Chemist: 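Before I ask anything, here is the structure I am working with.
None of the values given here were measured: they were computed from a predicted structure. Numbering of residues begins at 1 and proceeds along the displayed sequence. Just the heavy atoms: all of them, side chains too, but no hydrogens, waters or symmetry mates, feed the values below. Remember, it's 1-based here, ligands and their atoms both numbered in the order they're listed.
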Amino acid sequence: MLITLRQLLDHAAEHDYGIPAFNVNNMEQGLAILKAAKRTGAPVILQASRGARSYAGDFLLQYLIKGLVASYPTIPICMHQDHGNSQGTCMTAIQYGFTSVMMDGSLEADGRTPASFAYNVNITQQVTDMAHFGGVSVEGELGVLGSLETGMGDKEDGHGADGILSEDQLLTDPEQAVEFVKATEVDALAIAMGTSHGAYKFSRKPDGDILAMHVIEEIHKRLPDTHLVMHGSSSVPQELQEIFNEFGGEMPQTFGVPVEEIERGIKHGVRKVNIDTDCRLAMAGAIRKVATLNKGEFDIRKFLKPATDAMEDLCVDRFERFGAAGKADSIKPITLSEMSKRYQDGALKPKIQ
Ligand code: G3H
Ligand code: 13P
Ligand code: ZN
């Protein structure tokens with residue numbers, strides 16, 4: 001069953017849990033996520049970046065989603081655009097059947113230039129106006145993702161801010177967050193607090209100086225009814241780094257966001273937790289293992305099946321740790337037309353004290 005992000009996150013807030021949002025680029029990743037959801041009885045957020053859309057192709061991707069929805073009819077599935085850079089990216093995602101879009105106006109449309117607050121508010125407002133007419137949810141972002149250790153925006157995935165960023169840019173300002181949510185009426189707010197995309201987030205196990213969990217707590221105090229989103233939330237588990245390196249990989253020691261810090265965020269309003277790198281690493285390690293141990297193997301399924309299994313195990317763990325396991329059964333999807341009516345009636349307007 002397709003479902004909107006707003007409905008899922010409202011349910012998560014009501015029952016105090018978080019939902020991992022896993023990136024999907026191909027059938028195997030889709031299967032790994034849905035098998036894990038079925039095993040744990042969890043609702044699902046699948047998200048496709050612009051890169052994923054061009055990798056798989058929009059036309060094919062829409063049928064992959066339809067196929068997953070049809071194959072797992074009891075699981076509520078939200079299909080979300082990750083890091084939309086423009087009104088066009090968000091609009092075309094909706095046309096291809098996405099039930100949620102992220103308008104990331106923290107950067108300009110080039111994906112490199114940090115945007116002004118006015119630019120961000122204006123473009124996000126345009127997207128919420130448009131998406132809400134269709135009952136589709138919108139995630140906005142305030143603050144620029146990047147490292148508090150180096151001041152660099154994240155570049156690993158080929159997008160992210162250029163140059164050195166100030167602390168003001170790297171940490172979402174709680175007062176501005178209130179203004180932003182009020183003006184844009186977003187359904188969820190992504191915030192910056194020292195995380196970045198990719199494997200190389202921290203050079204040591206992060207403490208409060210480089211992973212600013214207090215920012216989440218301050219924003220949640222001011223916006224208790226707003227669903228918060230943590231990006232760059234892969235944990236880059238040591239055991240996955242070891243498998244990757246044992247079978248010929250070369251990944252220097254690195255640290256991600258500890259799962260217990262995410263659990264702490266979930267206690268303070270974090271409802272959506274973005275994870276891509278951990279899934280990539282789980283699959284890549286499993287593929288390396290087959291390639292190293294069985295040099296004669298050329299049946300691609302013999303690589304992809306263990307890779308899918310490794311990603312499934314990772315997803316199961318996150319569904320369980322974030323409290324999403326067992327929640328699928330109690331969610332009955334509301335149609336897009338009904339969601340649209342609720343937006344137009346003002347029933348879904350942000351509650352700001
Ligand atoms: O936004 C970050 C995700 O990890 C997506 O990465 O643009 O390489 O698909 P990508
Ligand atoms: P990771 O690179 O930490 O998995 O973050 C993914 C993400 O934030 C996608 O938007
Ligand atoms: Zn992200």
Chemist: So, Asp82 and Asn23: side-chain donor and acceptor under 3.5 Å apart, yes or no?
Modeler: yes
Chemist: What atoms in ligand 2 come closer than 4.0 Å to a heavy atom of Asn23?
Modeler: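 Reading through ligand 2 atom by atom, the close ones are 9 (C).
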Chemist: Is the Phe319-Phe22 ring centre distance short of 6.0 angstrom?
Modeler: yes
Chemist: Apply the test side chain to side chain donor-acceptor pair (under 3.5 Å) to residues Gln47 and Lys272: give CA-CA distance (whole Å), side-chain angles for both, the deciding distance (0.1 Å), then the verdict.
Modeler: CA-CA 11 Å; Gln47 57 186 9; Lys272 175 173 181 277; 3.1 Å; yes
Chemist: Below 3.5 Å, N or O to N or O, backbone or side chain included: is there any such pair between Asp278 and ligand 2?
Modeler: no
Chemist: Going by the order shown, which atoms of ligand 2 are within less than 4.0 Å of some heavy atom of Gly198?
Modeler: 2 (O)
Chemist: Tell me yes or no: between the side chains of His231 and Ser196, is some donor less than 3.5 Å from an acceptor?
Modeler: no
Chemist: Judged on heavy-atom distance to atom 6 (O) of ligand 1, which of His83, His197, Arg280 sits nearest?
Modeler: Arg280
Chemist: Below 4.0 angstrom from a heavy atom of His83, which ligand 2 atoms are there? Numbered from 1 as shown, please.
Modeler: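 So the answer, numbered in order with elements, is 10 (O).
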Chemist: Is the ring pair Tyr17/His15 parallel, tilted or perpendicular, if the boundaries are 30 and 60 degrees?
Modeler: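 Tilted: the ring planes of Tyr17 and His15 meet at 30° to 60°.
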Chemist: Of the backbone atoms (N, CA, C, O) and the side-chain heavy atoms from C-beta on, which set of Thr277 has a member under 4.0 Å from an atom of ligand 1: side chain, backbone, both, or neither?
Modeler: neither
Chemist: Where does Thr195 meet ligand 2, judged by heavy-atom distances below 4.0 Å: at the side chain, the backbone, both, or neither?
Modeler: neither
Chemist: Please say whether Asn23 places an N or O atom under 3.5 Å from an N or O atom belonging to ligand 1.
Modeler: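 Between Asn23 and ligand 1, no N or O pair is found under 3.5 Å apart.
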Chemist: Take the Zn ion (ligand 3) as the vertex and measure to ND1 of His231 and NE2 of His197; round to 10°.
Modeler: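 Reported to 10°, the angle equals 140°.
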Chemist: Do Gln125 and Glu185 have a side chain donor and acceptor closer than 3.5 Å?
Modeler: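 Gln125 vs Glu185: no donor-acceptor pair found between side chains.
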Chemist: Could you list which atoms of ligand 1 come closer than 4.0 Å to a heavy atom of Asp276?
Modeler: 3 (C), 4 (O), 5 (C), 6 (O)
Chemist: Tell me whether Asp345 is salt-bridged to Arg342, with the criterion being a basic N under 4.0 Å from an acidic carboxylate O.
Modeler: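 A salt bridge is absent here (no side-chain N lies under 4.0 Å from a carboxylate O).
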Chemist: Could you tell me, atom by atom, which parts of ligand 2 come under 4.0 Å of a heavy atom of Asp276?
Modeler: 1 (P), 4 (O), 6 (C)
Chemist: Heavy atom under 4.0 Å from ligand 2: found in Ser49's side chain, backbone, both, or neither?
Modeler: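 No part of Ser49 is near ligand 2 at this cut-off.
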Chemist: Evaluating non-hydrogen atoms only, which member of Gly51, Ser49, Ser196, Ala48 is closest to atom 9 (O) of ligand 1?
Modeler: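 Closest candidate by heavy-atom distance is Ser49.
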Chemist: Check this for me - ligand 2, Gly232, N or O atoms closer than 3.5 angstrom, yes or no?
Modeler: yes
Chemist: Which atoms of ligand 2 are found less than 4.0 Å from any heavy atom of Lys201?
Modeler: 1 (P), 2 (O), 3 (O)
Chemist: Record the part of Ile275 in heavy-atom contact with ligand 2 below 4.0 Å; permitted values are side chain, backbone, both and neither.
Modeler: backbone
Chemist: May I ask you to decide if the ring planes of His220 and His268 are parallel, tilted or perpendicular, using 30° and 60° as cut-offs?
Modeler: perpendicular
Chemist: Relative to the heavy atoms of His231, which atoms of ligand 2 are at a distance of less than 4.0 Å?
Modeler: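 The atoms of ligand 2 under 4.0 Å from a heavy atom of His231 are 8 (O), 10 (O).
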Chemist: Would Arg301 and Asp299 pass as an ion pair if we require N to O under 4.0 Å?
Modeler: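 Here Arg301 pairs with Asp299 in a salt bridge, since their nearest N and O are under 4.0 Å apart.
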Chemist: Using a 6.0 Å cut-off, check whether atom NZ of Lys289 has over 12 heavy atoms from anything other than its own residue.
Modeler: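 Incorrect, the count does not exceed 12.
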Chemist: Using 4.0 Å as the upper bound for N to carboxylate O, is an ion pair formed by Lys221 and Glu218?
Modeler: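 No salt bridge links Glu218 with Lys221.
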